[in-house]
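Working notes for the structure below.
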Amino acid sequence: MFDIDVRKYFTPKAIAETLENLSPLKSPVMDRVYPESVRKQHQFPVLGINEIKKTIKNVPVVRRGTAAVVLDQGQGGITYIEPQPIDVSSFLTAKELNDMKLLSEKGVQDYIAEIIDYQRQVVRKTTEALAAQSLKGEISYPMKTNAGLDTYTVNFGSTLSYTVSTAWNNQNKKLSDILMDLISISELINNKGYSNIAFLAGSSAFSALAGLVLALQGNRINAQVTEKSITVAGFTVELFNGVYTDLTDNSTKYVVDTDKICAVALDAPFRLYYCAIDDIDAGLVAMPFFATPETKKNPSGIEIVGRSKPLPVPVVEAICWADVIS
């Protein structure tokens, strides 16, 4: 038996080591659109609008000895977005802490790791929901306040859209028509300067395209259906049926509605920022997740608060939505 000092498991170093030893989390939108390479730690509690709305495009070369090209810094003066945090808590009662004395130090460490793992999974689910909403150009998400629930809104602007001339489930729709739809959507995004396009399809859209391809085996257009993707003349359409919970009515929302496709240019500068956490024990610095213990008197125990402050920032001109099912 040994004295329990849980605080040593909640230093920044200890939290980082615990997270490193946990299994990686899978999140469809974050993995596909906001992968690890575009997740940035931002050491301030706010983000400047001009910082996230910079236009990246080619510029003219400059004759030697003349003034440099002034880069687009976004619109207007200095305006800020204030990302709202994801804060969750778990409670360890004094009884549980007393019972931990019967465990080995490794047992206590594993017990704490389970709490941290549960919290980081909830935080990741919430971040995934924010990332899913961002694909439509706006985050509109429930926000807990002292007075109840409010709405946390961040508007990034309008995405591109495309209207098909004939729905994909129309009996007169040809595979060549769908190919033209994919080409036209690609051109809309190409004209904005991006090219590495992923086509994400809702379940009905994917099923309609798969049915058309399977019914026309041996056609002149090279097309193939696999479990999660369909290739049509070099274009790959992926089944994207991820969901998140709408907390306003506890309904299930599809990231890509069943009757839509969403084209996303993966070479666009999407970013997922982790801003500075409002926690003194964390050093008020940015990190994807941090947890800290706080002693409570009534009831006696320790409240463990997990915190994160993510903001997924889409490039709206690199996203195109289309209704393809009637």
Side-chain angles (χ1 to χ4, degrees), residues 1-25 27 41-46 82-130 139 141-152 244-250 273-311:
M1 187 173 73
F2 62 96
D3 292 333
I4 300 297
D5 177 18
V6 298
R7 287 196 170 273
K8 67 182 180 181
Y9 302 112
F10 291 95
T11 64
K13 182 175 183 293
I15 291 289
E17 289 175 351
T18 298
L19 294 175
E20 187 175 340
N21 291 328
L22 294 174
S23 301
L25 297 176
S27 309
Q41 295 186 27
H42 185 80
Q43 299 301 337
F44 295 95
V46 296
E82 184 179 12
Q84 298 301 317
I86 303 170
D87 293 348
V88 296
S89 69
S90 306
F91 194 75
L92 270 176
T93 66
K95 176 186 180 301
E96 289 176 290
L97 290 167
N98 247 335
D99 291 345
M100 281 186 191
K101 293 178 180 178
L102 302 175
L103 301 175
S104 65
E105 185 164 0
K106 178 65 165 57
V108 173
Q109 189 173 10
D110 290 345
Y111 193 92
I112 297 296
E114 285 184 11
I115 296 173
I116 292 173
D117 187 25
Y118 177 52
Q119 291 191 348
R120 65 131 189 179
Q121 289 187 55
V122 172
V123 167
R124 171 60 71 89
K125 282 284 188 182
T126 307
T127 307
E128 173 75 358
L130 296 174
I139 291 172
Y141 196 81
M143 177 173 62
K144 176 182 173 295
T145 70
N146 290 333
L149 283 181
D150 201 343
T151 302
Y152 168 45
Y244 66 95
T245 301
D246 184 341
L247 298 176
T248 58
D249 57 8
N250 284 321
Y273 291 100
Y274 290 106
C275 291
I277 294 174
D278 303 323
D279 192 303
I280 293 174
D281 289 343
L284 301 176
V285 300
M287 56 184 71
F289 176 83
F290 186 75
T292 185
E294 181 180 347
T295 302
K296 298 291 184 180
K297 296 295 186 182
N298 186 21
S300 182
I302 291 177
E303 183 180 34
I304 299 170
V305 181
R307 305 184 194 276
S308 184
K309 197 186 289 184
L311 181 66

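- Rounded to the nearest 0.5 angstrom, Thr292 OG1 and Glu303 CD are separated by 10.0 Å.
- The local environment of CZ in Phe91 is crowded, with over 12 non-hydrogen atoms from other residues, nucleotides or ligands closer than 6.0 Å.
- Residues Ile112 and Thr18 are not in side-chain contact: their nearest non-hydrogen atoms beyond the backbone lie 4.5 Å or more apart.
- Taking each heavy atom of Ser90 and Gln119 in turn, the nearest pair found is OG-NE2, 3.0 Å.
- Arg120 contributes atom CZ, which lies 6.5 Å from atom CG of Leu19 (distance to the nearest 0.5 angstrom).
- Counting only heavy atoms from C-beta outward, the side chains of Val285 and Phe290 never approach each other to under 4.5 Å.
- Within 6.0 Å of CD on Gln43 lie more than 12 heavy atoms contributed by other residues, nucleotides or ligands.
- With hydrogens and angles disregarded, a donor-acceptor distance shorter than 3.5 Å links the side chain of Lys309 to the backbone of Ala276.
- With hydrogens and angles left out, the side-chain atoms of Tyr111 and Glu96 include a donor and acceptor closer than 3.5 Å.
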For this session: Kindly determine whether Leu92 and Ile115 satisfy side-chain contact (heavy atoms from CB on, under 4.5 Å), including the steps that lead there.
Result: CA-CA 10 Å; Leu92 270 176; Ile115 296 173; 4.0 Å; yes
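- Residues Lys296 and Glu294 have side chains in contact (heavy-atom distance under 4.5 Å, counting atoms from C-beta outward).
- Summarising the geometry of Phe10 relative to Ala14, their closest heavy-atom pair is N-CB, 4.2 Å, with the distance given to 0.1 Å.
- Among the candidates Asp246, Leu130, Thr151, the single residue satisfying the side-chain contact (heavy atoms from CB on, under 4.5 Å) test with Tyr141 is Leu130.
- Between Lys8 and Val108 the shortest side-chain heavy-atom distance does not fall below 4.5 Å.
- Within the model, atoms CG of Asp117 and CD of Gln121 stand 4.5 Å from one another, a figure rounded to the nearest 0.5 Å.
- Of all heavy-atom pairs spanning Phe289 and Ile15, the tightest one is O-CG2, 4.1 Å.
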For this session: Verify side-chain contact (heavy atoms from CB on, under 4.5 Å) between Val88 and Tyr118, making sure each step is shown before the conclusion.
Result: CA-CA 10 Å; Val88 296; Tyr118 177 52; over 6 Å; no
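- Using a 4.0 Å cut-off between a side-chain N of Lys or Arg and a carboxylate O of Asp or Glu, Asp87 and Lys144 do not qualify as a salt bridge.
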For this session: Begin with the C-alpha distance, continue with both residues' side-chain angles, and end with the deciding distance and a verdict on salt bridge (Lys or Arg N to Asp or Glu O under 4.0 Å) for Arg124 and Glu128.
Result: CA-CA 6 Å; Arg124 171 60 71 89; Glu128 173 75 358; over 6 Å; no
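- Side-chain contact between Tyr9 and Gln109: present, with at least one pair of heavy atoms (C-beta onward) separated by less than 4.5 Å.
- For the pair Pro83 and Tyr152, the tightest heavy-atom approach, listed with the atom from each and the gap, is CA-OH, 3.4 Å.
- Within 6.0 Å of CD1 in Ile280 there are 12 or fewer heavy atoms belonging to other residues, nucleotides or ligands.
- In this structure, OG1 in Thr126 is found 12.5 Å from OH in Tyr244, a value given to the nearest 0.5 Å.
- Remark: side-chain polar atoms of Ser308 are paired, donor with acceptor, to backbone N or O of Pro288 under 3.5 angstrom.
- Atoms CD1 and CG, on Ile277 and Leu284 in that order, are 9.5 Å from each other to the nearest 0.5 Å.
- A 4.5 Å side-chain heavy-atom check between Val122 and Ile86 finds every atom pair outside the cut-off.
- Summarising the geometry, atom CD belonging to Gln84 is positioned 10.0 Å from atom CG belonging to Leu311; distances are rounded to the nearest 0.5 Å.
- In this structure, the side chains of Pro85 and Arg307 stay at 4.5 Å or more apart for every pair of heavy atoms.
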